[in-house]
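Just below is one structure, and these are the notes that go with it.
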Amino acid sequence: MFALVDGNNFYVSCERVFRPSLNGRPVVVLSNNDGCAIARSNEAKALDIKMGAPWFQIRHLEESAGLVGLSANFTLYGDMSDRMMSLAAGLGPTQEIYSIDESFIGLVGVRDVTRRARAIRARINGWVGIPCGIGIAQTKTLAKLANYIAKTAERKPGSYPEDLAQVCNLAALPASDLEAILMTTAVGEVWGVGRRIGLQLQEAGVNTVLDLIRLSPSTVRARWSVVLEKTVRELQGQSCIEMDDAPAPKKEIACTRSFGRPVRDLGPLIEAVSEFAGRAGEKLRMQHSVASEVQVFAHTSPFREGPKFSKSIVVPLRRPTADTSALVSAAVVGMRAIYQPGFDLIKAGVMLLDLVPDNIHQCELDLEGDDTKDRTRLMSAMDCLNGRFGKGTVHVASTGLDDHRREWGMKQERRTPQYTTKWAEVPIARA
DNA sequence: TCTGGGGTCCTAGGACCC
DNA sequence: TCTGGGGTCCTAGGACCC
């Protein structure tokens, strides 16, 4: 048995904890560059604002419907997530943190699950202030579905039986009730069925979850893929996706950004990829890996007219490393190699590839003097300073100075304070 | 004017080998 | 005129997730 605990409209809920005046209003949280909506309050969903809707297309609703758009404040969301996760962990013996707002809980040996889930939900709501939905079922895919039902039953009264709102335990339902529910749920809501596959299923006459459950796994495998076959088996109650409570280290690490405005010159591009390589290096060291290759890319907007440019290059490193200056040099070499003048570039990025644990050393003949130990200590000192005094306190010089940053830096015009992670921005309560 | 970022897994097809 | 069969490894691209 599995539970899925998922924060409702998570980013919006985080903002509302510190600005209760946002309750009851349509609110969206915007992606970097204030580009598009990545979280929506129920009121915003009711305005028919879609996930990923570009801000410039919906901002007229500020005037006409009282819509509030906020720049993403990921530092705040990460901290709120930690608090929520630690309480969710109380539901069962194992936890897999699946995303910033979701965790699976393994329920082996847990009794009275539904009642316990309601108690945990109340605790998260009371102590952290984030409303959650909890889905419980035989497999992970079914638990995801149960979670969807728990949230939808709450948000749209009448869509599902009232007593399934907030906490939905599919395993506790009589078979006939379960069937009725699956019959009214669209196949596209299933975890693992995206837009493409959803359309193909509908063309084949598979419209509801019940339709999908009734297909035979072998048919699904032959006609679609082993991936969808797994999904069908999971829906049929056969657990194929196990708990993963100690996630493996990442196989690649990326840092990519859209620019606040188009960039044409090599100078700012080099600054940008230098910074991205530095950030990626921090993540790399955090998981105790070294990278063997650095990939760099840049491209023009896929949405705008004008000459198109999109190139990437993989730069091999002389030996696997997590040293920021080596990563930055490689990124700069790559960018110089692919750069061509005359294009309005709107995005660039750095990816670290072929990652291996940093405790595996390839021995080599020492020809140039080995300063690896000093470099490692330097990197630790850098990470330590940046952790304590804030991102970017210490960085390599090719990242550029702050006043150049405006050339390519992000637009973030509507960001709220870092209420829980910066002393200067902690809210003050007045009696 | 204006459209995010960071991942994973699977498959098909090409390169290469004997 | 006419050119095998079987295998591995790698990469690019598609699909999905949040």
Side-chain angles (χ1 to χ4, degrees), chain A residues 4-11 28-40 49-60 62 69-74 77-78 81 96-104 140-141 144 147-148 151 187-201 221-222 224-231 240-241 244 247-262 276 279-280 283-284 286-287 293 295 297 299-306 310 312-314 344 346-355 410-414:
Chain A
L4 180 72
V5 185
D6 183 332
N8 297 350
N9 315 329
F10 186 66
Y11 298 163
V28 295
V29 170
L30 302 171
S31 65
N32 280 338
N33 275 318
D34 298 341
C36 53
I38 54 173
R40 305 157 295 157
I49 294 173
K50 300 279 186 257
M51 188 66 172
W55 174 238
F56 74 90
Q57 284 175 6
I58 54 174
R59 70 177 304 170
H60 64 275
E62 279 183 302
L70 300 171
S71 300
N73 185 346
F74 292 113
Y77 311 150
S81 172
E96 173 187 340
I97 295 176
Y98 178 69
S99 74
I100 192 162
D101 69 329
E102 282 174 70
S103 69
F104 286 103
K140 277 183 163 181
T141 304
K144 282 282 263 188
N147 182 277
Y148 166 78
K151 287 191 181 181
V187 74
E189 304 301 340
V190 171
W191 189 39
V193 176
R195 241 201 54 217
R196 269 318 250 282
I197 308 283
L199 278 175
Q200 290 172 21
L201 285 168
R221 178 179 204 141
W224 282 277
S225 66
V226 291
V227 184
L228 193 63
E229 181 196 1
K230 240 187 194 181
T231 300
C240 304
I241 309 173
D244 187 6
K250 306 244 175 290
K251 295 172 180 174
E252 47 188 73
I253 287 175
C255 183
T256 71
R257 291 278 179 285
S258 296
F259 302 132
R261 54 181 155 117
F276 301 160
R279 278 287 306 141
K283 296 187 204 170
L284 185 65
M286 219 156 15
Q287 73 160 25
E293 297 177 325
Q295 181 172 23
F297 72 85
H299 61 73
T300 50
S301 169
F303 302 105
R304 296 188 61 183
E305 298 292 314
S310 175
S312 78
I313 191 172
V314 175
D344 282 329
I346 50 95
K347 183 170 179 173
V350 169
M351 280 179 260
L352 307 181
L353 309 175
D354 209 349
L355 310 186
M410 279 194 297
K411 218 164 37 182
Q412 274 206 318
E413 288 162 357
R414 322 164 147 259

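First the proteins, then the strands, lettered A, B, ... as listed; each starts at 1.
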What's the closest nucleotide to the side chain of Lys347(A) if the choices are dC17(C), dG4(B), dG5(B)?
dG5(B)

Salt bridge or not between Glu102(A) and Lys144(A)? Use side-chain N to carboxylate O under 4.0 Å.
yes

Which nucleotide in the set dC18(C), dT1(B), dA15(C) lies at the smallest distance from any side-chain heavy atom of Lys144(A)?
dC18(C)

Rounded to whole Å, please give me the gap between CZ in Phe259(A) and C1' in dC2(B).
17 Å

Of all the choices, dC18(C), dG5(B), dC16(C), which nucleotide is nearest to the side chain of Asp101(A) once you look at every atom?
dC18(C)

Distance check, C1' atoms only: dG4(C) and dC16(B), in whole angstrom units.
16 Å

Trp224(A) and Glu229(A) side chains, donor-acceptor separation under 3.5 Å
no

Do Asp344(A) and Arg304(A) sit within salt-bridge range, that is, some charged N less than 4.0 Å from a carboxylate O?
no

Sub-4.5 Å side-chain heavy-atom contact between Gln295(A) and Val350(A)
no

Checking all strands, does Asn33(A) fall into the base, sugar-phosphate, or nothing category for heavy-atom contacts under 4.0 angstrom?
nothing

Asn9(A) CG to dC18(C) P, in whole Å, measures 14 Å

Dot-bracket encoding per residue of DNA chain C, Watson-Crick/G-U cut-off under 3.5 Å, | denoting interstrand:
....||||||||||||||

Taking any heavy-atom pair under 4.0 Å as a contact, classify Trp191(A): base, sugar-phosphate, or nothing.
sugar-phosphate

Nucleotide N/O of nucleotides 6-10 of chain B paired with protein N/O under 3.5 Å:
unit_1	atom_1	unit_2	atom_2	d
dG6(B)	OP1	Arg257(A)	NH1	3.1
dG6(B)	OP2	Thr256(A)	N	2.5
dG6(B)	OP2	Thr256(A)	O	3.0
dG6(B)	OP2	Thr256(A)	OG1	2.5
dG7(B)	OP2	Ala254(A)	N	2.7
dT8(B)	OP1	Lys251(A)	N	3.3
dC9(B)	OP2	Lys251(A)	NZ	3.0

Tightest non-hydrogen contact, residues Ala254(A) and Lys283(A), listed as O-NZ, 2.8 Å

Is the distance from OP1 or OP2 of dC2(B) to the nearest side-chain N or O of Arg304(A) less than 4.0 Å?
yes

Would you kindly give the CD-to-C1' distance between Glu102(A) and dC17(C), to the nearest whole Å?
9 Å

From the list dC18(C), dT3(B), dA15(C), which nucleotide is the closest neighbour of the side chain of Tyr98(A)?
dC18(C)

Between atom CZ in Arg195(A) and atom C1' in dC17(C), what is the gap in whole Å?
15 Å

Atom CD of Glu96(A) and atom P of dC18(C) are separated, to the nearest Å, by 13 Å

Looking at side-chain heavy atoms only, is the closest gap between Ile100(A) and Tyr11(A) below 4.5 Å?
yes

Measure across Asp244(A) and Glu96(A) and return the closest heavy-atom pair with its distance rounded to 0.1 Å.
N-OE1, 2.9 Å

Could you report the tightest heavy-atom contact between Lys50(A) and Ala37(A), atom names first, then the distance?
O-CB, 4.4 Å

Tell me what Val29(A) touches on the nucleic acid: a base, only sugar-phosphate, or nothing, going by heavy atoms under 4.0 Å.
nothing

Show the nearest heavy-atom pair for residues Arg59(A) and Arg414(A), with the distance to one decimal.
NH2-NH2, 3.4 Å

Indicate, with a heavy-atom threshold strictly under 4.0 Å, whether Ile346(A) touches base, sugar-phosphate, or nothing.
nothing

pair Lys151(A)-Asp6(A): side-chain heavy atoms closer than 4.5 Å:
yes

Rounded to the nearest Å, what distance is computed from the CZ atom of residue Arg279(A) to the P atom of nucleotide dG5(B)?
14 Å

Would you say a side-chain N or O of Ser258(A) is under 4.0 Å from OP1 or OP2 of dT3(B)?
no

Nucleotide dT3(B), atom C1' - distance to CZ of Phe303(A) in whole Å:
4 Å

Give the rounded distance in Å between these two atoms: CG of Asp344(A) and P of dC2(B).
9 Å

